[in-house]
Amino acid sequence: MRVNLATSAGRAGRPNEDFVGAVPGAVVLLDGAGIPGAESLCFHGVAWYTRRLGGALLGHLARDDGQALTTVLATAIGETAAEHGDTCDIADPRSPQATVAVLRAYQDRLDYLLLADSFLILDPARGGPQVITDDREVTARRDCSTPLEGIPPGTPEYERIRDSCAQALRARRNQAGGYWIAKDDPHAAREAVTGSRSLADLNGAALLSNGASRIVSPYGLTDWPGVLELLAADGPSGVIRRVRQAEAHGRGAAAAQVPDDATVAYCT
């Protein structure tokens, strides 16, 4: 498996909270998340968390023993939690966490795992691309934001309701009926979206963090087949370059104009 990687911090002067890395036969991509101003909970920070968790995942995947990806992820979450559980309040919903995407070529198959809202594009030898993501966080966010409908942004009422919506969303994290993300609880790994495909049926695959997937939505610069074409022509850096151009020209809603960390792994 040939792998091409690219990652870009959203803003200068701030650490890139994404992580991407590869070992022979496997690729890991993480998109870190946390609440600004929560340094008192974990002084290490989100970037530290994604690097520790990503490194732990790669270490286990390098053994090439075919262990279930959910087991690999659960072990890595537990190890990372143990590294800062004595010094940080890792159980607080605002402490560092990350989406996880893993690809592994093992024997004659490609195994994948997705936890939270990164994207996997499979490029079949026949037919169009298959796009896989874990959309439970997006669904939960939409549901929790319903009370904001019709409230003028910037008003005291809007700010009050928005804070309430944020608390409601955090309450659904790593809970049945809500959404799941890598944080402090190894059991979250059991809830990941997983699957396998025959390697003989695939030309390749790509992993995109949420910031890189903006090229399709909300920017609408191309569709998923177009992403594969762009990757084949210009590689992951070409996708990220197009995203940065869209951000610079103010495309999309106001929230999408704020540059986000963007990461792509392209496997053939």
Side-chain angles (χ1 to χ4, degrees), residues 1-7 18 20-31 57-58 61-62 64-73 99-139 180 189-243 245-246 262-268:
M1 185 167 68
R2 183 176 181 179
V3 182
N4 192 353
L5 311 173
T7 186
D18 285 0
V20 66
V23 293
V27 183
V28 170
L29 186 153
L30 279 67
D31 185 348
L57 283 166
L58 290 174
L61 290 166
D64 194 30
D65 55 6
Q67 195 173 48
L69 293 182
T70 51
T71 301
V72 173
L73 176 58
T99 73
V100 179
V102 179
L103 285 178
R104 178 184 63 190
Y106 184 72
Q107 296 181 348
D108 61 350
R109 69 179 189 266
L110 183 74
D111 301 325
Y112 62 82
L113 175 150
L114 295 167
L115 189 66
D117 61 349
S118 294
F119 288 81
L120 164 63
I121 315 173
L122 295 174
D123 184 13
R126 292 174 296 277
Q130 179 184 2
V131 181
I132 303 170
T133 188
D134 177 1
D135 61 3
R136 287 171 291 186
E137 181 179 358
V138 174
T139 300
W180 301 85
R190 300 177 184 173
E191 304 296 331
V193 175
T194 61
S196 297
R197 289 286 297 269
S198 168
L199 285 170
D201 295 337
L202 295 171
N203 292 323
L207 296 174
L208 287 79
S209 70
N210 185 270
S213 71
R214 288 179 170 190
I215 193 170
V216 173
S217 178
Y219 297 149
L221 299 177
T222 186
D223 55 13
W224 292 112
V227 171
L228 288 176
E229 292 173 3
L230 184 58
L231 285 169
D234 296 333
S237 59
V239 171
I240 295 175
R241 184 166 57 251
R242 294 283 297 278
V243 169
Q245 290 169 351
T263 304
V264 181
Y266 180 46
C267 309
T268 55

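Numbers for residues simply follow the sequence, beginning at 1. On a predicted model such as this, the values are computed, not experimentally measured, just so you know.
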**Report entry** pair Leu57-Val100: side-chain heavy atoms closer than 4.5 Å
**Finding:** yes

Query raised in the report: Does the side chain of Tyr219 come within less than 4.5 Å of Val243's, by heavy atoms?
Result: yes

Report summary line: Residue set satisfying side chain to side chain contact (heavy atoms under 4.5 Å, CB included) with Asp65, at least two apart, ordered chain then number -> Arg63, Gln67

Report task. Any chance you could measure Leu5, atom CG, to Leu29, atom CG, to the nearest 0.5 Å? Result -> 8.5 Å

Report summary line: Rounded to the nearest 0.5 angstrom, the CG-CE distance for Leu103 and Met1 is 6.5 Å

**Report entry** Between CD1 on residue Ile215 and CZ on residue Arg242, distance to nearest 0.5 Å
**Finding:** 5.0 Å

Query raised in the report: Under 4.5 Å between any side-chain heavy atoms of Leu120 and Val131, yes or no?
Result: no

Only distances under 3.5 Å count here; give the side-chain donor-acceptor pairs of residues 224-237 to other protein atoms, sequence neighbours excluded, each with its distance to 0.1 Å.
none

Report summary line: Between Val102 and the options Leu30, Leu115, Leu73, Val28, the side chain to side chain contact (heavy atoms under 4.5 Å, CB included) test singles out Val28

Query - Considering all heavy atoms, the nearest Ala212-Val239 contact - result: O-CG1, 4.2 Å

Report task. Name all residues meeting the ring-ring contact (aromatic ring centres under 6.0 Å, His included) criterion together with Tyr266; count only those two or more places apart in sequence or in a different chain, and write none if there are none. Result -> none

Query - Sequence-distant partners of Glu137, side chain to side chain donor-acceptor pair (under 3.5 Å), two or more places apart - result: Arg141

Query raised in the report: Considering all heavy atoms of both residues, which atom of Ala192 and which atom of Leu113 are nearest to each other, and what is their separation?
Result: CB-CG, 3.6 Å

Query raised in the report: Which distance, rounded to the nearest 0.5 Å, do you find between the SG of Cys267 and the CG of Asp123?
Result: 11.5 Å

Query raised in the report: Who are the side chain to side chain donor-acceptor pair (under 3.5 Å) partners of Arg136, not counting sequence neighbours?
Result: Asp134

Query raised in the report: Are the side chain of Thr99 and the backbone N or O of Ser118 linked by a donor-acceptor pair below 3.5 Å?
Result: no

Requested in this report: For the pair Leu122 and Leu110, evaluate side chain to side chain contact (heavy atoms under 4.5 Å, CB included) and give the outcome as yes or no after the intermediate values.
Outcome: CA-CA 10 Å; Leu122 295 174; Leu110 183 74; 4.0 Å; yes

Query raised in the report: Considering the options Leu61, Val3, Asp64, which one meets the side chain to side chain contact (heavy atoms under 4.5 Å, CB included) requirement together with Val23?
Result: Leu61

With a cut-off of 3.5 Å and sequence neighbours excluded, list every side-chain donor-acceptor pair involving residues 194-211.
from, atom 1, to, atom 2, distance (Å)
Ser196, OG, Asp111, OD1, 2.5
Arg197, NH1, Gln130, OE1, 2.7
Ser198, OG, Ala200, N, 3.2
Asn203, ND2, Pro124, O, 3.3
Ser209, OG, Asp18, OD2, 3.2
Ser209, OG, Thr263, N, 3.0
Asn210, ND2, Asp117, OD2, 3.3

